[in-house]
Protein chains: 2
Amino acid sequence: MKATRWLSDDEQRVWRSYLLANQLLWASLDRQLQRDAGMPHAYYIILAMLSEAPNRELTMSQLAKVVISSPSRLSHAVAKLEQAGWVRRRKHETDGRTTLASLTDDGFAVLAAAAPGHVEEVRSILFDPLTPEQVDQLGAIVSAIVAGQDGRPPHL
Amino acid sequence: MKATRWLSDDEQRVWRSYLLANQLLWASLDRQLQRDAGMPHAYYIILAMLSEAPNRELTMSQLAKVVISSPSRLSHAVAKLEQAGWVRRRKHETDGRTTLASLTDDGFAVLAAAAPGHVEEVRSILFDPLTPEQVDQLGAIVSAIVAGQDGRPPHL
DNA sequence: CGCAGAAATTTGAACTCTCAACTATCATCG
DNA sequence: CGATGATAGTTGAGAGTTCAAATTTCTGCG
């Protein structure tokens with residue numbers, strides 16, 4: 001039973017500010033996308049990643065990896081997106097286990113329509129308040145955090 | 001109709017890394033708290049903020065402000081916490097509109113039991129991978145983001 | 001005083017996410 | 001070939017969040 005390494009006052013402050021900034025950021029992003037595109041950010045990312053894939057198509061597993069989602073969450077989400085007519089699913093020809101999800105033209109149109117507003121929101125909340133140096137620093141910081149997680153149980 | 005200011009390649013990279021780091025962080029925090037304390041992070045914060053309040057008690061409005069939550073979300077959350085016996089609600093004596101929420105002894109005990117593991121998780125994911133300078137930089141960055149949001153419609 | 005509007009909070013329905021269980025298919029090895 | 005385990009994905013139930021609508025109580029003003 002090791003003694004807990006509590007956070008220093010500085011760390012505490014940074015952590016709380018981080019929570020606050022994050023909350024503000026997500027609240028704004030989700031609200032903007034819900035209002036302008038009728039979908040949460042998680043769904044937007046799915047469409048965006050599909051749009052960049054070769055032939056605008058990925059297997060569910062590949063898609064889960066790029067959007068960092070559990071298979072379950074992705075399955076539910078894609079079901080909804082398919083209902084909306086923005087994504088289509090079909091079976092893989094040679095491997096009966098895998099499902100291919102592809103972006104429909106409607107889905108692409110919705111994505112294209114939503115993108116400018118979304119980018120504007122990200123920019124105004126995240127990038128505009130930061131100096132160019134801070135943007136660089138932030139890049140290094142988040143990379144370090146991600147790198148620190150490599151080799152940990154994924155659990156997603 | 002202004003032309004969209006798209007993200008530069010660098011900004012794009014930072015943004016995607018940010019999303020990834022965030023996803024990893026929240027997935028870990030929520031999973032750890034759910035496993036060890038049987039509650040999501042949002043509920044943990046509610047207990048934590050109450051524990052720091054004078055007399056371990058706040059009005060719903062005050063509580064909503066410090067945990068950055070919509071009144072609705074908070075109301076639902078406190079209802080659950082009350083069901084669990086960790087929070088108690090009572091009417092304000094002089095202002096019949098406001099409700100006071102207070103942390104029970106059980107709630108405090110649960111919080112105290114969960115805190116070490118939670119802090120350890122935050123530390124290992126967020127602070128351990130960063131140099132002390134990066135922690136300082138991150139503090140400045142999130143503060144700038146928060147400051148940039150002041151005066152915007154809260155919408156929470 | 002009495003009424004219009006503001007403030008504090010709650011409620012219910014719809015939606016999303018999580019977790020565990022389940023189905024189906026493929027790979028491998030004796 | 002046939003069992004065993006690994007892969008890929010889905011499903012259903014339960015929990016949490018959002019949004020809009022309602023409820024109750026206070027405040028200020030004519």
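Chain naming here is simple, since letters A, B, ... match the order of the sequence lines and numbering starts at 1 in each. Because the structure is a prediction, the values reported are computed rather than measured. Just so you know, these numbers use all the heavy atoms, side chains as well, and skip hydrogens, waters and symmetry mates.
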Original post:
With the 4.5 Å side-chain cut-off for hydrophobic clustering, are B/L19 and A/F127 part of the same group?
Top reply: yes

**OP:** Find out if a path of hydrophobic residues (ILVMFWY) with successive side-chain heavy-atom gaps under 4.5 Å connects A/V66 to A/W86.
**Re:** yes

Subject >> Comparing B/R73 and A/G96 on DNA chain C - which has the more 5′ nearest nucleotide >> reply: B/R73

Original post:
5'-most contact on DNA chain C: A/Y43 or A/D95, nearest heavy atom basis?
Top reply: A/Y43

Within this structure, what is the [atom1]-to-[atom2] distance between [X] and [N], rounded to whole angstrom?
| X | N | atom1 | atom2 | value |
| --- | --- | --- | --- | --- |
| A/M60 | C/dA24 | CE | C1' | 15 Å |
| B/Q83 | C/dT11 | CD | P | 12 Å |
| A/R31 | D/dT18 | CZ | C1' | 11 Å |
| B/Q34 | C/dC19 | CD | P | 7 Å |
| B/L33 | D/dA15 | CG | P | 17 Å |
| B/D30 | C/dC19 | CG | C1' | 13 Å |
| B/Q62 | C/dA8 | CD | C1' | 12 Å |
| B/L100 | C/dT10 | CG | P | 11 Å |

Subject >> Heavy-atom side-chain contact between A/M39 and A/I46 under 4.5 Å >> reply: no

Original post:
Does any non-hydrogen side-chain atom of B/V142 lie less than 4.5 Å from one of A/L20?
Top reply: no

Original post:
Applying the side chain to side chain contact (heavy atoms under 4.5 Å, CB included) test to A/W15, which of B/V135, B/L138, B/L126 qualifies?
Top reply: B/L126

**OP:** Return the residues of residues 75-82 of chain B meeting this criterion: a heavy atom under 4.0 Å from some atom of DNA chain C. Order them by number, or give none.
**Re:** B/S75, B/H76

**OP:** Grab the two heavy atoms, one from B/A21 and one from A/I145, that are nearest each other, plus how far apart they are.
**Re:** CB-CG2, 4.1 Å

Original post:
Can you name the closest pair of heavy atoms from A/R123 and B/L7 and give their distance?
Top reply: NH2-CA, 3.6 Å

Subject >> For DNA chain D, stems built from three or more consecutive Watson-Crick or G-U wobble pairs below 3.5 Å >> reply: C:1-30 with D:1-30

Between [X] and [N], is there a contact of a side-chain N or O with OP1 or OP2 at under 4.0 Å?
| X | N | answer |
| --- | --- | --- |
| B/R97 | C/dT9 | no |
| A/R35 | D/dC19 | no |
| B/R89 | C/dT10 | yes |
| A/S72 | D/dG9 | no |

Original post:
Is the shortest side-chain N to carboxylate O distance from A/E121 to A/R31 below 4.0 Å?
Top reply: no

**OP:** Mind jotting down which residue pairs meet the side-chain hydrogen bond (donor to acceptor under 3.5 Å, both in side chains) criterion with at least one end in residues 36-47 of chain A? Sequence neighbours excluded, please.
**Re:** A/Q32-A/D36

Nucleotide nearest [X] when distance is taken to its side chain, options [options]:
| X | options | value |
| --- | --- | --- |
| A/P40 | C/dT16, C/dT9, C/dC17 | C/dT16 |
| A/T99 | C/dC17, D/dT10, D/dA8 | D/dT10 |
| A/S70 | C/dT18, D/dT10, C/dA8 | C/dT18 |

**OP:** Give one of base, sugar-phosphate or nothing for A/A64, where a contact means two heavy atoms less than 4.0 Å apart.
**Re:** nothing

Original post:
So, A/T99 side chain and A/K91 main chain: donor-acceptor pair closer than 3.5 Å or not?
Top reply: no

